[in-house]
Amino acid sequence: MGLLVKQKDIVVPGEVLADSIDYLPGMHTYRLNNNIIAKRVGLVEIEGRALKLIPVSGRYLPKVGDKIIAKVVDITMSGWMLNINSAYNAMLNSKDIMRFVRKGEDLTRYHDVGDYLKVKIFNVTSQNLVDVTMKEPGLSPLHGGRIVMINPQKVPRVIGKMGSMVMMIKDKTKCLVNVGQNGVVWIKGPAPEAEFVAIKAIKKIEDEAHLEGLTDRMTQFLDVECAHLQGLKSETQEEEPRETFQSFQRSQEREE
Amino acid sequence: MDGRALDELRPIEAKAGIIKNADGSAYFRIGKTVAYAAVYGPRELHPKFLQDPKTGILRCYYNMMPFSGIGDRVRPGGSRRSKEISMVIQKALKPVLELEDYPNATVDVFIELPQTDAGSRCAAICAAAIALADAGISMKDMVSAIAVGKVDDKIVADLNYDEEAYEDGPVADIPVAVLHNTKEITLLQMDGEISKDELLQALELAKKASDKIAKIQFAALKDKYKVNADQR
């Protein structure tokens with residue numbers, strides 16, 4: 001009686017989490033008579049008397065303040081239409097980029113269809129119309145590199161506490177890694193091999209995000225995987241312009 | 001007829017997350033009836049006139065594969081029958097979904113049946129419910145469906161094709177979808193003859209049977225994350 005689940009248990013929609021009045025429904029749960037019932041597949045988080053769920057699946061829902069990686073899919077009179085890996089597209093107005101755009105100017109001069117941009121959501125309406133901006137340090141177009149899609153619910157684990165996980169991947173693989181809250185990850189490395197390791201690491205985190213002891217396993221994994229990169233790195237690392245790399249890292253740190 | 005007790009279900013097997021391309025997917029087998037469900041969305045809805053600014057919508061597509069029947073080729077493509085079943089599946093699942101968070105969007109559920117031996121719409125609903133949960137869509141409850149009915153003078157659960165096509169006595173085939181916690185019924189159809197008392201008895205049986213199915217559906221979803229754990 002009372003609580004029927006433990007901390008970090010996987011629960012599924014319709015499952016009864018607690019059957020007494022002593023508990024309160026939190027995020028993704030609701031009360032039916034005396035029972036607290038789950039609404040999503042997720043991990044149980046018990047906070048005192050409140051039961052909430054951390055979802056493990058589902059698509060990205062735009063939220064104000066999120067920094068995301070978006071792809072330009074269309075160009076309109078006043079700006080760019082962006083795909084944000086969600087059910088809805090976002091608008092980037094020509095006023096919201098760092099440079100001044102003259103009236104009637106060809107917008108493809110700044111961002112063309114197919115470009116990836118790091119943007120920040122500054123407004124979401126009730127109908128989920130999304131407005132984004134690039135007028136902030138750290139928000140810029142992402143040139144080159146490769147894109148990996150991950151489950152948006154796993155993004156916090158990929159970033160880690162205070163960005164620890166993503167910093168570790170950056171350190172060990174010497175790749176630039178940019179994680180958007182919408183589950184789009186941009187990776188650019190000194191060599192394809194290094195990028196592959198980074199992708200593998202991120203996929204591994206995604207698969208094992210709900211399991212404990214992830215950081216230790218990732219450290220081990222990266223040590224093994226990066227061992228064969230050692231020789232390669234010293235040759236290719238010079239190609240990466242130092243200055244931009246460091247300034248990029250600084251902007252990343254500010255973000256996280 | 002096939003050696004089962006009257007209230008015994010055919011062997012059930014369920015798996016979640018088998019179609020990697022989809023946002024959520026599931027496999028559900030009951031006896032010789034097999035259903036695959038794939039969920040895409042919430043995603044943008046086109047044509048635009050179908051969009052509802054108040055809520056997201058659910059679209060279901062039920063399809064029997066050409067070789068899925070008892071021997072006759074099922075003509076591919078939509079039919080009057082598949083259209084009706086698609087609609088009843090949509091209506092059976094809609095009440096538990098919270099699509100208000102996704103105005104103007106759609107959630108698409110595609111259900112394919114490679115093999116059928118009666119009870120296909122129930123298997124389809126069970127598979128679709130697992131797939132929707134796997135896709136991370138808010139659901140108030142789990143939906144489990146089962147056919148119950150009357151063969152000759154006995155109330156039975158989970159009719160197979162031979163039972164459904166029994167000719168030497170009255171037969172009633174009643175597909176029912178039941179919500180796990182509230183025991184509310186979201187699908188109730190009937191083919192055949194049955195008295196009121198017997199119908200009520202049959203529905204009680206359906207509620208009991210749905211509990212068993214819900215447990216299997218829960219296990220399937222939990223298994224998906226356990227499998228991941230074993231892979232490391």
Side-chain angles (χ1 to χ4, degrees), chain A residues 8-17 19 27-43 53-62 73 83-89 125-129 151-154 204-214 217-218 220-221, chain B residues 16-17 23-25 39-45 51-56 96-107 129-144 178-182 210 214-215 217-232:
Chain A
K8 296 258 158 119
D9 268 1
I10 290 252
V11 293
V12 297
E15 193 172 339
V16 180
L17 304 181
D19 57 359
M27 259 207 306
H28 306 302
T29 62
Y30 75 105
R31 180 185 292 286
L32 182 79
N33 303 324
N34 282 342
N35 297 345
I36 308 278
I37 294 170
K39 287 203 280 196
R40 294 274 289 264
V41 182
L43 299 169
L53 286 189
I54 298 168
V56 291
S57 64
R59 296 200 70 176
Y60 175 67
L61 250 191
V73 287
N83 179 335
I84 55 170
N85 191 29
S86 150
Y88 307 95
N89 283 332
T125 69
S126 66
Q127 297 307 300
N128 282 336
L129 297 172
N151 184 336
Q153 314 292 343
K154 310 267 168 82
K204 190 177 163 72
I205 300 173
E206 188 191 6
D207 277 348
E208 301 177 10
H210 55 289
L211 304 171
E212 280 175 46
L214 185 63
R217 256 177 295 131
M218 287 317 296
Q220 228 175 32
F221 171 83
Chain B
D23 294 311
S25 58
V39 172
Y40 290 86
R43 62 181 180 183
E44 234 181 309
L45 174 55
Q51 290 185 352
D52 185 344
K54 287 208 175 80
T55 176
V96 299
L97 296 178
E98 296 189 331
L99 294 173
E100 296 79 17
D101 297 345
Y102 311 107
N104 290 329
T106 180
V107 174
I130 302 173
L132 283 165
D134 182 33
I137 291 157
S138 267
M139 285 168 86
K140 287 199 203 91
D141 217 333
M142 183 50 79
V143 190
S144 317
V178 184
L179 307 190
H180 175 61
N181 285 304
T182 57
S210 75
K215 286 213 177 78
Q217 288 174 305
F218 285 173
L221 281 164
K222 289 186 180 186
D223 240 28
K224 183 185 168 188
Y225 293 95
K226 243 188 230 144
V227 169
N228 282 349
D230 293 340
Q231 275 171 358
R232 66 179 164 185

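The chains referred to below are lettered A, B, ... by the order of the sequence lines, with proteins before strands, and numbering in each begins at 1.
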Gap separating the [atom1] atom of [X] from the [atom2] atom of [Y], nearest 0.5 angstrom:
X	Y	atom1	atom2	answer
A/Asn35	B/Thr182	CG	OG1	11.5 Å
B/Asp141	A/Lys39	CG	NZ	12.0 Å
B/Asp101	A/Leu61	CG	CG	6.5 Å

Most contacts with chain B, counted as non-hydrogen pairs under 4.5 angstrom, among A/Gln127, A/Gln153, A/Arg59
A/Arg59
From CA spacing to verdict: side-chain contact (heavy atoms from CB on, under 4.5 Å), B/Lys222, A/Glu15
CA-CA 11 Å; B/Lys222 289 186 180 186; A/Glu15 193 172 339; 2.9 Å; yes
Heavy-atom distance under 4.5 Å to chain B: side chain of [X], backbone, both or neither?
X	result
A/Val11	backbone
A/Ile10	both
A/Asp9	neither
A/Thr29	neither

Who wins among [options] for the most heavy-atom pairs under 4.5 Å with chain A?
options	answer
B/Ala214, B/Gly41, B/Ala129, B/Gly24	B/Gly41
B/Pro53, B/Pro42, B/Ala135, B/Gly17	B/Pro42
B/Met142, B/Lys140, B/Arg43	B/Lys140

Please name the pair of heavy atoms, one in [X] and one in [Y], separated by the smallest distance, quoted to 0.1 Å.
X	Y	result
A/Gly14	B/His180	O-CD2, 3.6 Å
A/Pro13	B/Phe218	O-CE2, 3.3 Å
B/Asp134	A/Val41	N-CG2, 4.4 Å

Answer whether the closest heavy-atom distance between the side chains of A/Ser86 and B/Tyr102 falls below 4.5 Å.
no
Other residues, nucleotides, ligands: >12 heavy atoms within 6.0 Å of A/Gln220 CD:
no
Measure B/Gln217 against the heavy atoms of chain A and call it side chain, backbone, both or neither at under 4.5 Å.
neither
Contact part of B/Ala133 toward chain A, heavy-atom cut-off under 4.5 Å: side chain, backbone, both or neither?
both
Does A/Arg40 use its side chain to pair, donor to acceptor, with the backbone of B/Gly136 at less than 3.5 Å?
yes
